[in-house]
Amino acid sequence: MPELPEVETIVRGLNRSKPGEAVSRVLVRLGKVFKSGGIKKKLLKRKLAEISRRGKFILIRLDDGQYLVVHLGMTGQLYWISKEHQVDRHTHFRLEFEGNDRTLNFRDVRKFGQVQIYDSEKALWSSEKMKKLGPDALQISRGDFGKLLQRRRMIKALLLDQKAIAGIGNIYADESLFAAKIHPARRANEISPAKVKRLYESVRRILRQAIAAGGSSIRDYRQSDGREGMFQTKHKVYGRTALKCRRCGAKIERLIVAGRSSHICPACQRLDS
DNA sequence: GCCACTGTTAGCAT
DNA sequence: CATGCTAACAGTGG
């Protein structure tokens, strides 16, 4: 499940091996992933410029100022592969480049991903999608994070809300809450200032460590060069149901919070502390 | 073969 | 408005 660290890893990988040539061919196998029309014509003859990220959105700037925006959904993958490799039934989109063997592929088994194109940087930032998106989890200041936590929602729901703070998904919400010893169902406004500080630092530390490890490969996620990420081996609670807490030895439990499966150590993360 | 599960978002209820 | 819950999406895997 690509969250901020996985998306950041992909962006770095894509930038590292970007072809300098112009797009020579656009293969679209599944039109529904495209939220905007006329994509083929807009991409043809363009070169890829800087690739960046905001929350879980991948922003690919083209040499004429357009932006190709990709959201990977749950199972989306974006990677380079040789032309020799046939597209399989889950590959929805492929870009070929002039006289270059490598192609940029968008593959998405579950088809929840989205691809959109904007005519300019201005069009991108004034789009509904970007306007709705909260501050990036690695950019938000301590002060703004504290303000966010004055709301009375359950802390996990808040961390997962991309309008509130962008980039955190189920894995990193659970790992951050464990690190800060906070129960996911705890009301945000009832968390002590000391723990708010601890949570802010935990979110940043864990996202950074996960990026350094190339992300977490649970099922579909791969880096843009096809390798698995390694952060899943460092998880303290996510996917460790019934195993022993690495901090205190208690049994990790799985419960539903904010409609999502959540993993906690019942001893380290008490609802009333 | 049925159902749980996954992330996100929209829509509805409170 | 704020918040929470559910459905829907599509496919995999138990």
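The figures here come from the full heavy-atom set of this structure, side chains too, leaving out hydrogens, waters and symmetry mates.
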Peer 1: Does A/Phe178 have A/Arg247 sitting over its ring (NZ/CZ under 6.0 Å from centre, angle to axis within 45°)?
Peer 2: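 Cation-pi check for A/Arg247 and A/Phe178: passes.
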Peer 1: Check the distance between C/dC9's P and A/His90's NE2 and give it to me in whole angstrom.
Peer 2: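 Result: 18 Å.
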Peer 1: Checking side-chain contact (heavy atoms from CB on, under 4.5 Å) between A/Tyr67 and each of A/Ile60, A/Ile117, A/Leu59, A/Leu62, which is the one that passes?
Peer 2: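 So the option named by the test is A/Leu59.
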Peer 1: Considering just the side-chain nitrogens and oxygens of A/Lys163, establish if one lies under 4.0 Å of OP1 or OP2 belonging to C/dT3.
Peer 2: no
Peer 1: I need the CG-C1' distance between A/Leu159 and C/dG4, as an integer number of Å.
Peer 2: 16 Å
Peer 1: Which of these nucleotides, B/dT6, B/dT8, C/dG4, is closest to any side-chain atom of A/Met154?
Peer 2: C/dG4
Peer 1: Which whole-number value in Å describes the distance from A/Leu160 CG to C/dT3 P?
Peer 2: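 To the nearest whole Å, that distance equals 15 Å.
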Peer 1: If you assign A/Met74 and A/Val257 each to the DNA chain C nucleotide with the nearest heavy atom, which residue ends up on the more 5' nucleotide?
Peer 2: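 Between the two, 5'-proximity favours A/Val257.
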Peer 1: Whole angstroms only, please: what is the CD1-C1' distance between A/Ile256 and C/dC5?
Peer 2: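 Nearest whole value for this atom pair: 12 Å.
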Peer 1: Specify the residue among A/Lys132 and A/Gly73 whose closest nucleotide of DNA chain B lies further upstream toward the 5′ end.
Peer 2: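 In this pair, the answer is A/Gly73.
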Peer 1: Using whole Å, report how far CD of A/Glu6 lies from C1' of B/dT8.
Peer 2: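 Roughly 16 Å, once rounded to whole Å.
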Peer 1: Output the single nucleotide from B/dT8, B/dC5, C/dT3 whose closest atom is nearest the side chain of A/Arg254.
Peer 2: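 Output: B/dC5.
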Peer 1: The side chain of A/Lys56 lies closest to which of these nucleotides: C/dT12, C/dG4, B/dT8?
Peer 2: B/dT8
Peer 1: Between A/Lys131 and A/Glu128, does any NZ, NE, NH1 or NH2 come within less than 4.0 Å of an OD or OE carboxylate oxygen?
Peer 2: yes
Peer 1: Between A/Arg16 and A/Asp225, does any side-chain N to carboxylate O distance fall below 4.0 Å?
Peer 2: no
Peer 1: Please state whether the phosphate of B/dT6, meaning OP1 or OP2, lies under 4.0 angstrom from any side-chain nitrogen or oxygen of A/Ser261.
Peer 2: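 Looking at the OP1 and OP2 atoms of B/dT6, one of them is under 4.0 Å from a side-chain N or O of A/Ser261.
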Peer 1: Planes under 30° and centres closer than 5.5 Å, is that true for A/Phe112 with the base of B/dT8?
Peer 2: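 So no, this residue does not stack on that base, at least one cut-off failing.
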Peer 1: Can you tell me the distance, in whole Å, between the CD atom of A/Gln116 and the P atom of B/dT9?
Peer 2: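 Distance, rounded to whole Å: 12 Å.
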Peer 1: Using a strict heavy-atom distance below 4.0 Å, which residues from residues 137-153 of chain A are in contact with DNA chain C?
Peer 2: A/Arg151, A/Arg152, A/Arg153
Peer 1: Which pairs, with at least one residue in residues 160-188 of chain A and sequence neighbours excluded, count as a side chain to side chain donor-acceptor pair (under 3.5 Å)?
Peer 2: A/Glu6-A/Tyr172, A/Arg153-A/Asp161, A/Lys156-A/Asn170, A/Lys156-A/Asp174, A/Tyr172-A/Ser216, A/Asp174-A/His263
Peer 1: Would the distance check show the side chain of A/Arg246 and the main-chain N or O of A/Val237 forming a donor-acceptor pair, the cut-off being under 3.5 Å?
Peer 2: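 Side chain of A/Arg246 to backbone of A/Val237, a donor-acceptor pair under 3.5 Å: no, none is there.
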Peer 1: Could you point out which residue of A/Lys45, A/Lys18, A/Arg46 forms a salt bridge (charged side-chain N to carboxylate O under 4.0 Å, His left out) with A/Asp63?
Peer 2: A/Arg46
Peer 1: Distance check needed: C/dA8 P versus A/Gln114 CD, whole Å only.
Peer 2: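 It is 19 Å, rounded to the nearest whole Å.
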